[in-house]
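Everything on this sheet refers to the single structure shown next.
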Amino acid sequence: MSKRKLRILIAKPGLDGHDRGAKYVARALKDEGYEVIYTGIRQTPESIVRTALQEDVDFVGLSLLSGAHNELFPRIVDLLRENDAADIIVFGGGVIPEEDIPFLKEKGVRAVFTPGTPIQEIVDFIESKRDERNQ
Amino acid sequence: MEEYKKIKEARRKWEEKTVDKVISRFPERKEIFVTGSDIPVDRAYSPESFDEERWLDEVGFPGEYPFTRGVQPTMYRGRFWTMRQYAGFGTAEESNRRYKYLLEQGQTGLSVAFDLPTQIGYDSDDAMSVGEVGKVGVAIDTLKDMEILFEGIPLDKVSTSMTINAPASVLLAMYIVVGEKQGVSRDQLRGTIQNDILKEYIARGTYIFPPEPSMRLITNIFEFCSKEVPKWNTISISGYHIREAGSTAVQEVAFTIADGMEYVKTAVRAGLDVDQFADRLSFFFNAHNDLLEEVAKYRAARRIWATLMKEKFLAKSSKSMMLRFHTQTGGSTLTAQQPDNNIVRVAIQTLAAVLGGTQSLHTNSRDEALALPTEDSVRIALRTQQIVAHESGVANTVDPLAGSYYVEALTSRIYNEAMDYIEKIEEMGGMVKAIEKGYIQKEIQDAAYRYQKDVEKGDRIVVGVNKFTIKEEAPRDLLKVDPALRDLQVKKLARTKAERDNEAVKKALKALEDAAAKPDVNLMPLIIDAVREYASLGEICNILREVYGEYKESIVL
Amino acid sequence: MTELARDIIGGKIRAIARGISLVENNIKGREELIDALFPHTGKAQVWGITGPPGAGKSTLADLLISCERDRGRKVAVVAVDPSSPFTGGALLGDRLRMQSHAEDDGVFIRSMASRGHLGGVSGATLDAVKVLDAAGFDTIIVETIGVGQTEVDIIELTDLVLLVLVPGMGDEIQAMKAGVMEIGDIFVINKSDKEGAEKLRTEVEYVLGFKYAGEKEKMNPVCLVSAKMKKGLDHLRNEMERLYGQLEESGELREKRKERIRKELLRIFSLKIHELLDRKMDFYNNVGEWAEMIYNKDVKPYHFINERLRFFLKKESE
């Protein structure tokens, strides 16, 4: 029996158009065998959460380079919780100062990958959460 | 010719005898060497790598067609490039203080960064602006903010570059009115608006309207400025962001110049004479770490533009054929790891831009991969330029790398490969068509993906990232924008809206709406009227959204 | 009835999404779920959109969503994209063009990867459509790429198929010869502002003219639209409504749906028999050894197979 296909939403909240990183991660995760949903730039927290629900994803990966992460990432985690979807695992990436990471984790962002992170690290993170997702 | 034959023969011997002997005992580090953009590099270059007979046609002398060696005959022997640091964050008041600091430190031009809501035409109180107000630049809602931004800075004494695209006409209109209020007439204003919408669709993402009305707004600016604001650079055709999105050096040149051609074609179609506006077009390129490839890139770009302007667009004035450009060092080359290493990268990139003959330069600060730069970091970045200018000696002669067999061979190669791309885009029906097809985006994404895979495999070394890593403490003292800033800005906007003559605003906006629907009216005067009455950026852009609709991204992955 | 089925019928987003995952992953509970939902299906109109890559299928779907919402109808979209045959991964980007509806409660969009499992994508998509139908969506749009086998599937999945074509893709006539023309109920020529749109319409009508020689009233509608300029959509939507009415009145829709069920039964039966054979004969584990025996000429192929089957049937009847 092969492993269940994990589904991952890669989303860009906020207004910045720097999608190089998000697109790279989306494509690389596809090459790692995951089903990746990509929705383009300028997504509101509300539309990201509704997309995550409709697509029944296991993970939501957020990419943001404008510095608005402290406002927008927690908002998305909260909205998931309000929609009875706290089980969906949220991770983030982009230009995020080290000193903001504890705050984001406390708010429910499970991992933050800063520029230069090898894709394998993200894959390891996802795989380490597979059992949690299968419950 | 005899001489070439001799050299060729000598080279063959060298390869067979001297080289082979050494390689059999000491193999080279890699099988194939490539530039930062994957162009193969030979072991050594010699005179036969470049056809000297074509020297006069393809290289020639500085200040003369095809301008491969530079647009002025004396270049930095006359005057150094403009040292222009891009800055702006938070409120207009804070940014105004930073500008005054930079001018005191010897900076010679201003460069304004706007926050994302401003760049996409949303007011600070718009729902879309949550979290973004004042983050990557200064927030501008109305003329009021612009007045504060330039308070105490005489607009006839500085040149100002504004990184603004989709709503460029609105910000330019505000600048003109601030000038009016300072008593500076339009013909004294000097500066640049980026105003390059095509690369927004390709790489940067701050578009608002679909291509057709966007091109109309741009043409309106060309026409208006050629008559009213003659010293203003009406567009900065930008390869910078194309490169940041992961393109190669060849793609950067090719796609930027193809964008430029589209603007020229549109303006000519609208009835403008090439020589009436072409000398106000300027370019904006990136500077990466592969020093000699970058120098070749700038030289090839100048030659391509000159050739196309002369042969395809039949420009008569040599000014129309000159590719003048601003450079910024490559943001994507900076690493969050061991950030001080970035100072060295920026120094190499500064050299590339200067050896390539840039007209102005922004050097990135070491901490820009982490957050907004602090004052200390900005100073070091500026000092890097000053050291290259005053201590390195490279500014003492024009185009010092001309005649280097390697640089000339690379220049030719980039010229040819970029021209191939340009031809292909022309066959597709021009840049707008190629973008709508997703062709350009796909080419860039593929290059970016290849590069990143190479880094992950360790085929490309990024010092401090995939080699020579250390355990690091989290950096401290990063500049943070106060999250309460949005409230402040929203209150300011509400106050302005309460104090202005709302009847006059309504009238001005209605006039703009009517004109927007008519294709042959120049919208610039109407936008100036509206901002003068303190109509907000969001109000103006929303009116235009109603008429033109919004662009939707078409992705190719 | 399970809680999941109840929540799906109640229209709860998360339940609908989980229901689709359940059928997609073909895991325990799928059959019970579909059986529980089945009495609640049959109300939705199911449309298919297919056509070559770059024809603007998602953009058209986006606009049709708006049309349906304007008429007060709830819409669901299933967008099918291929999985990579090498890694099994997939990059699903179709919904990007429909994201302006992401916050609308009356719209549900789901991306599906073809996954290449036994029985093709049809089985999972068919059941996904049932889930959405039971959840109360009035219109369900299935969007698939038009290459190879998948476009033939779409006829079996939907009531009404829009085949989207664009001028300037080259080889138009070639495509028609290859039988693509058999697929569409309505031919939609997108990018009508582009050069060659009228020519393409003439060509399509010419080919259809042959097919329906002498019974012109049966000829499929050919609609020119420009999704970019939002032109021709009302006309298209009216044609769809007209055709739907016709299908219903003439009883064709009933026949179509019965035919769909017939095919589905066939598919499920052969799948089940396959599974049964495998379970009883341990087919996949033994097949290597059997091949070895046949290769070595130890046994004769048909004789051997008939022997095994007889053995199996005897065992079953005991």
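Labels below follow one simple rule: chain letters A, B, ... track the order of the sequence lines, proteins then strands, and each chain is numbered from 1.
- Only the side chain of A/Thr44 has a heavy atom closer than 4.5 Å to any heavy atom of chain B.
- Proximity to chain A (any heavy atom under 4.5 Å) is shown, for B/Ala127, by neither the backbone nor the side chain.
- For B/Lys453, the parts lying near chain A are the backbone and the side chain together; criterion is any non-hydrogen pair under 4.5 Å.
- Checked against the 6.0 Å centroid threshold, A/Phe113 and A/Phe125 count as a close aromatic pair.
- The candidate with the highest count of non-hydrogen atom pairs below 4.5 Å against chain B, out of A/Pro118, A/Gly116, A/Pro45, A/Gly21, is A/Pro118.
- Heavy-atom distances place the backbone of B/Glu244, and not its side chain, under 4.5 Å from chain A.
- Under the 3.5 Å distance criterion, with hydrogens and angles disregarded, a donor-acceptor pair is assigned to the side chains of B/Asp115 and B/Thr118.
- Here the side chains of B/Thr163 and B/Arg204 are in contact, with some heavy-atom distance below 4.5 Å.
- The candidate from A/Thr117, A/Val95, A/Leu65, A/Asn70 with the greatest count of non-hydrogen atom pairs under 4.5 Å with chain B is A/Val95.
- Contacts between A/Arg75 and chain B at a heavy-atom distance below 4.5 Å are absent for every atom of the residue.
- Side-chain contact check for B/Asp367 and B/Ser377: at least one donor-acceptor pair (N or O, by modelled atom type) lies under 3.5 Å.
- Only the side chain of A/Leu72 comes within less than 4.5 Å of a heavy atom of chain B; its backbone N, CA, C and O stay farther away.
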For a salt bridge (Lys or Arg N to Asp or Glu O under 4.0 Å) check, start with the C-alpha distance between A/Asp16 and B/Lys135, then their side-chain angles and the critical distance, and finish with the verdict. CA-CA 10 Å; A/Asp16 85 273; B/Lys135 281 282 156 64; over 6 Å; no

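- In the model, B/Tyr240 has no side-chain atom that pairs as donor or acceptor with a side-chain atom of B/Asp196 under 3.5 Å.
- Proximity to chain A is limited to the side chain of B/Glu456, based on heavy atoms less than 4.5 angstrom apart.
- Interface remark: of the candidates A/Glu98, A/Arg20, A/Glu71, A/Arg20 forms the most heavy-atom pairs closer than 4.5 Å to chain B.
- Checked for salt-bridge contact, B/Asp446 and A/Arg27 meet the test: a charged N lies under 4.0 Å from a carboxylate O.
- Chain B forms more heavy-atom pairs under 4.5 Å with one residue of A/Ile101, A/Asp100, A/Ile96 than with any other, namely A/Asp100.
- A donor and an acceptor atom, one from each side chain of B/Asn165 and B/Thr206, are nowhere located under 3.5 Å apart.
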